[in-house]
J.: 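Mind having a look at this structure? Questions to follow.
All chains are named by letter (A, B, ...) in the order of the sequence lines, taking the proteins before the strands, and each is independently numbered beginning at 1. Any value given below was found using the heavy atoms of this structure, including those in side chains, with hydrogens, waters and symmetry copies removed.
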Protein chains: 2
Amino acid sequence: MAASYIGEFEQMVLLAVLQQGEEAYAIDVRKELESSAQRPVSRGALYRTLDRLEAKGYVTWQLEDGSPIPERGGHPMRKFRVTGAGVEALRASRSALLKLWRGLDAVLDES
Amino acid sequence: MAASYIGEFEQMVLLAVLQQGEEAYAIDVRKELESSAQRPVSRGALYRTLDRLEAKGYVTWQLEDGSPIPERGGHPMRKFRVTGAGVEALRASRSALLKLWRGLDAVLDES
DNA sequence: CCTCGATAGTATACAATGTATTCTTCGAAA
DNA sequence: TTTCGAAGAATACATTGTATACTATCGAGG
């Protein structure tokens, strides 16, 4: 059964995919994460998480609709896309955080 | 060694403690969470998380500075307080989320 | 007194998530 | 054809999330 819970890293990965536009390559997602979250992200961690998000129905992917362009490596690249359910999950956790942050700006704003 | 990682639930618990003012009772934290995050929180889950936050140095607590007031139960109540490190951790994850949300309002705002 | 129920917290156990390291492949450069 | 780099998969284990069951103490009834 799909848990309704969404972890912190899963959340960030989903957001990073959205940031890339309609579709995103794992590598770009990784760059986005490292830049926004200021922490290293190993490829393994990222792919594991993407797989779990797929299992929950929060992302889908398809192979680069390749033409005869030679893929840049042994495996063809995958293009990820966030599903409606994924967006829904993001809305829910954002809503909760916004409520919890309310009134704490003085404490939480980085000066 | 203290992991620098802070989970989603830990984050919400910290915020809920702050919402109660200087000091918070576990029971009130629980109510705050259930109301803001729209999900049930068992006592076990909450105390477990508070203990872990304490181990990381993100919260401290002390017993109700009791006078002869009879505690309302078998155990005296604990008053929790978020430490400076805890606030710092919250700032970091908030900062990351704000960056990742940037530009996605159209998608994420609940209409 | 002694039992019962409610309350605050603890202990235990297990599921889900987070993360790094180690393979596999396959094209391209040497 | 050998080596190297890239994209991804597999494996393994640490950390978090969460529920259920257990303790201990106070007050009310009897």
Side-chain angles (χ1 to χ4, degrees), chain A residues 1-14 16 23-31 33-34 37 39-59 61-64 66-80 89 93 96, chain B residues 1-14 16 23-31 33-34 37 39-59 61-64 66-80 89 93 96:
Chain A
M1 206 74 280
S4 61
Y5 169 77
I6 186 179
E8 191 213 24
F9 191 57
E10 291 180 328
Q11 184 177 356
M12 291 195 177
V13 168
L14 277 178
E23 300 181 316
Y25 292 111
I27 302 301
D28 297 324
V29 169
R30 191 178 170 203
K31 282 181 196 157
L33 281 175
E34 299 202 316
R39 73 177 177 194
V41 174
S42 69
R43 277 176 310 140
L46 178 59
Y47 285 116
R48 242 356 42 340
T49 301
L50 283 168
D51 288 345
R52 285 174 183 149
L53 288 172
E54 186 196 0
K56 289 183 182 176
Y58 292 166
V59 300
W61 57 269
Q62 59 178 52
L63 293 181
E64 186 166 28
S67 0
I69 301 168
E71 290 86 2
R72 309 168 89 243
H75 288 276
M77 293 173 74
R78 295 192 295 174
K79 287 188 300 194
F80 291 90
S93 63
Chain B
M1 58 191 82
S4 61
Y5 169 77
I6 186 179
E8 191 215 23
F9 191 56
E10 291 180 327
Q11 184 177 358
M12 292 196 177
V13 169
L14 277 178
E23 299 182 315
Y25 292 112
I27 302 302
D28 297 324
V29 168
R30 192 177 170 204
K31 283 181 194 157
L33 281 175
E34 298 202 317
R39 73 178 177 193
V41 175
S42 70
R43 276 178 312 143
L46 178 58
Y47 285 116
R48 201 94 242 288
T49 300
L50 283 168
D51 288 346
R52 284 177 183 149
L53 288 172
E54 185 196 2
K56 289 184 183 175
Y58 291 167
V59 299
W61 56 269
Q62 59 178 51
L63 293 182
E64 186 166 27
S67 359
I69 301 168
E71 290 89 359
R72 314 168 84 246
H75 288 277
M77 291 173 76
R78 295 193 292 175
K79 288 189 297 193
F80 292 89
S93 62

J.: Measuring from E34(A):CD to L46(A):CG, what's the distance to the nearest 0.5 Å?
T.: 9.5 Å
J.: Expressed as a whole number of angstroms, how long is the span from M77(B):CE to dC26(D):C1'?
T.: 14 Å
J.: Tell me the interatomic distance from E54(A), atom CD, to dT17(C), atom C1', rounded to whole angstroms.
T.: 17 Å
J.: So what does R39(B) touch, heavy atoms closer than 4.0 Å: a base, only the sugar-phosphate, or nothing?
T.: sugar-phosphate
J.: Could you tell me the separation between the CZ atom of F80(A) and the CG atom of L50(A), rounded to the nearest 0.5 Å?
T.: 4.5 Å
J.: Please collect all salt bridge (Lys or Arg N to Asp or Glu O under 4.0 Å) contacts where either partner lies in residues 42-51 of chain B, sequence neighbours excluded, each pair once.
T.: D51(B)-R78(B)
J.: Pull out every protein N or O sitting under 3.5 Å from an N or O of nucleotides 11-13 of chain D, one pair per line with the distance.
T.:
from	atom 1	to	atom 2	distance (Å)
dT11(D)	O4	R48(A)	NE	3.0

J.: Can you tell me the distance, in whole Å, between the CZ atom of R30(A) and the C1' atom of dG8(D)?
T.: 12 Å
J.: Does dT16(D) have its OP1 or OP2 closer than 4.0 Å to a side-chain nitrogen or oxygen of K56(B)?
T.: yes
J.: Calculate the interatomic distance between E8(A) atom CD and dT19(C) atom P; express it in whole Å.
T.: 8 Å
J.: Nearest of dG17(D), dA9(D), dG9(C) to any side-chain atom of R78(A)?
T.: dA9(D)
J.: What's the closest nucleotide to the side chain of S42(B) if the choices are dT18(D), dG17(D), dT21(C)?
T.: dT18(D)
J.: Looking at the side chain of A45(A), which of dT17(C), dA8(C), dA20(C) is the nearest nucleotide?
T.: dA20(C)
J.: To the nearest 0.5 Å, tell me how far E10(B) CD sits from T49(B) OG1.
T.: 6.5 Å
J.: Could you tell me the separation between the CZ atom of F9(A) and the C1' atom of dT19(C), rounded to a whole number of Å?
T.: 8 Å
J.: Return the value, rounded to whole Å, for the distance between atom CG of L53(B) and atom P of dT16(D).
T.: 9 Å
J.: Please find the pair of heavy atoms, one from I6(A) and one from K56(A), that lie closest to each other, and give the distance.
T.: CA-NZ, 4.2 Å
J.: Go through the structure and list residues passing side-chain hydrogen bond (donor to acceptor under 3.5 Å, both in side chains) with Q11(B), not counting sequence neighbours.
T.: S93(B)
J.: Check whether any side-chain nitrogen or oxygen of Y47(A) sits under 4.0 Å from OP1 or OP2 of dA9(D), and answer yes or no.
T.: no
J.: Using a heavy-atom cut-off of 4.0 Å across all strands, would you classify R43(B) as base, sugar-phosphate, or nothing?
T.: base
J.: Whole-Å distance between dG17(D) C1' and I6(A) CD1?
T.: 14 Å
J.: What is the distance, rounded to the nearest whole Å, between atom CD1 of I27(A) and atom P of dA6(D)?
T.: 9 Å
J.: Side chains of L33(B) and R30(B): closer than 4.5 Å at any heavy-atom pair?
T.: no
